[in-house]
Structures are given as structure tokens and as C-alpha cells.
Amino acid sequence: MKPFLLVLFLALAGPLVHAADTPTVAEPTATERLGLARDAIKAKDFRRAVAELNIAVREEPRNADIHNLLGYSLRKQARPDMARAIEHYKTAIKLDPRHKGAHEYIGEAYLMEKNPGEAEKHLAELARICGNTSCEEYADLSRSLVAYKAKAK
């Protein structure tokens with residue numbers, strides 16, 4: 001190889017070799033984003049949770065847990081987006097009709113929307129899913145419904 005071509009080759013190949021040695025940072029998977037969102041929810045940073053879950057739901061649109069937590073985070077924001085929250089709960093239930101968390105949370109959303117009749121339907125569904133009234137989701141929604149009715153009097 002002629003010296004000029006050798007120098008030109010090395011000059012051009014150098015950055016390519018270096019680039020191959022540089023580690024790349026992988027984007028989080030939908031499962032990892034779900035974990036990041038759970039951490040954000042624990043910290044009551046619902047804006048960050050919504051951001052993570054919006055990406056996760058695009059990556060795994062058939063994941064009921066992601067839809068459920070996205071609905072929860074949308075509902076718990078400083079300015080709740082109830083229409084989108086309910087839509088994500090409905091999607092979670094469509095994907096997994098026995099998803100206890102989604103039934104609990106959509107029931108609570110309906111109470112926020114002053115629709116106790118719909119909340120009662122999901123409470124009844126939880127009783128059916130749980131086989132009794134002792135599961136945590138049933139107990140939580142039941143307490144919320146009792147409190148709602150007491151406040152409405």
C-alpha cells in the first residue's frame with residue numbers, strides 16, 4: 001500500500017475503532033421502566049411516573065400492569081387526567097379481566113367522578129375475583145365507597 005493511502009486509511013479508521021470501543025448506554029426495557037415508575041410513585045413523583053409509563057406502554061401495549069399504573073399515575077397527579085386514567089384502567093381490565101388492582105383503582109376513579117354505581121360494580125367484581133371479601137383490593141375499595149357515601153350524606 002502506498003504511504004499516502006496507508007496514512008489516509010489509518011486517519012479514517014481511527015475514529016471507527018475508537019467508536020467501537022466506546023460503551024453504549026442501553027435504553028431501559030419496558031420492565032425496567034415499570035420499576036422506575038414504581039419508584040417514582042413511591043416518591044409521589046407522578047409526573048416522572050407518567051413519563052416512564054408512556055414510553056413503557058408504547059413498548060408493551062398489551063401489558064395490563066403498565067396500563068394500570070399509568071391510570072393510577074394520571075389520576076394521582078396534581079391535575080388529574082381522569083378521562084385518560086379511566087381509559088387505561090379499562091384497557092388493563094380488557095387485557096386481564098381479573099386484574100384486582102385495575103378494578104380497585106377504576107372504582108376509586110369513579111368515586112372521584114361522583115359515580116358510585118360504577119364503583120360498586122367493580123367492588124362486586126372484586127368479590128367475585130377474590131372469591132370472598134377479604135382481599136386487599138376489595139377492602140380498600142370498600143372503605144373508599146363507605147367514606148364516599150358518608151361524605152355524601
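Keep in mind it's a predicted model, so treat the numbers as computed, not measured.
- At distances below 3.5 Å, not a single donor-acceptor pair connects side-chain atoms of H88 with backbone N or O atoms of A64.
- To the nearest 0.5 Å, the span separating NE2 on H103 from CD1 on I93 amounts to 4.0 Å.
- Across I129, I106, N68, a single residue satisfies side-chain contact (heavy atoms from CB on, under 4.5 Å) together with H99, and that is N68.
- In this structure, L141 is not a member of the same hydrophobic cluster as Y105, with clusters built from ILVMFWY side-chain heavy atoms closer than 4.5 Å.
- Within a 6.0 Å sphere centred on CD of E136, other residues, nucleotides and ligands contribute 12 heavy atoms or fewer.
- Shown here are the side-chain hydrogen bond (donor to acceptor under 3.5 Å, both in side chains) partners of R62, two or more places apart in sequence or in another chain: there are none.
- Taken to the nearest 0.5 Å, the CD1 atom of I41 stands 7.0 Å off from the OH atom of Y72.
- At least one donor-acceptor pair under 3.5 Å links the side chain of T91 to the backbone N or O of E87.
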Please list every donor-acceptor pair under 3.5 Å in which a side-chain atom of residues 143-153 meets a protein atom from a residue at least two apart or in another chain.
residue: R143; atom: NH2; partner: D140; partner atom: OD1; Å: 2.4
residue: S144; atom: OG; partner: D140; partner atom: O; Å: 3.2
residue: K149; atom: NZ; partner: E120; partner atom: OE2; Å: 2.5

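- A distance of 11.5 Å separates CD of E137 from CG of L123, quoted to the nearest 0.5 Å.
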Output side-chain donor-acceptor pairs under 3.5 Å for residues 48-56, partner residues at least two apart or in another chain, one line each.
residue: R48; atom: NE; partner: D45; partner atom: OD2; Å: 3.2
residue: E52; atom: OE1; partner: R33; partner atom: NH1; Å: 2.7
residue: N54; atom: OD1; partner: R84; partner atom: NH2; Å: 3.3
residue: N54; atom: ND2; partner: V50; partner atom: O; Å: 3.2

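- Every residue was checked against the salt bridge (Lys or Arg N to Asp or Glu O under 4.0 Å) condition with E60, not counting sequence neighbours, and none meets it.
- To the nearest 0.5 Å, atoms CZ (F46) and CG (L70) are separated by 12.5 Å.
- For the atom pair CD1 of I86 and CE of M82, the computed distance is 5.0 Å after rounding to the nearest 0.5 Å.
- Listed by first and then second residue, the salt bridge (Lys or Arg N to Asp or Glu O under 4.0 Å) pairs that reach into residues 88-107 come to none, sequence neighbours excluded.
- For H67 against P61, the heavy-atom pair with the smallest separation is NE2-O, 2.8 Å.
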Name every donor-acceptor pair, under 3.5 Å, that has one atom in a side chain of residues 107-117 and the other anywhere in the protein, sequence neighbours excluded.
residue: E108; atom: OE1; partner: R75; partner atom: NH2; Å: 3.1
residue: N115; atom: OD1; partner: E118; partner atom: N; Å: 3.3

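- Rounded to the nearest 0.5 angstrom, S73 OG and D81 CG are separated by 12.0 Å.
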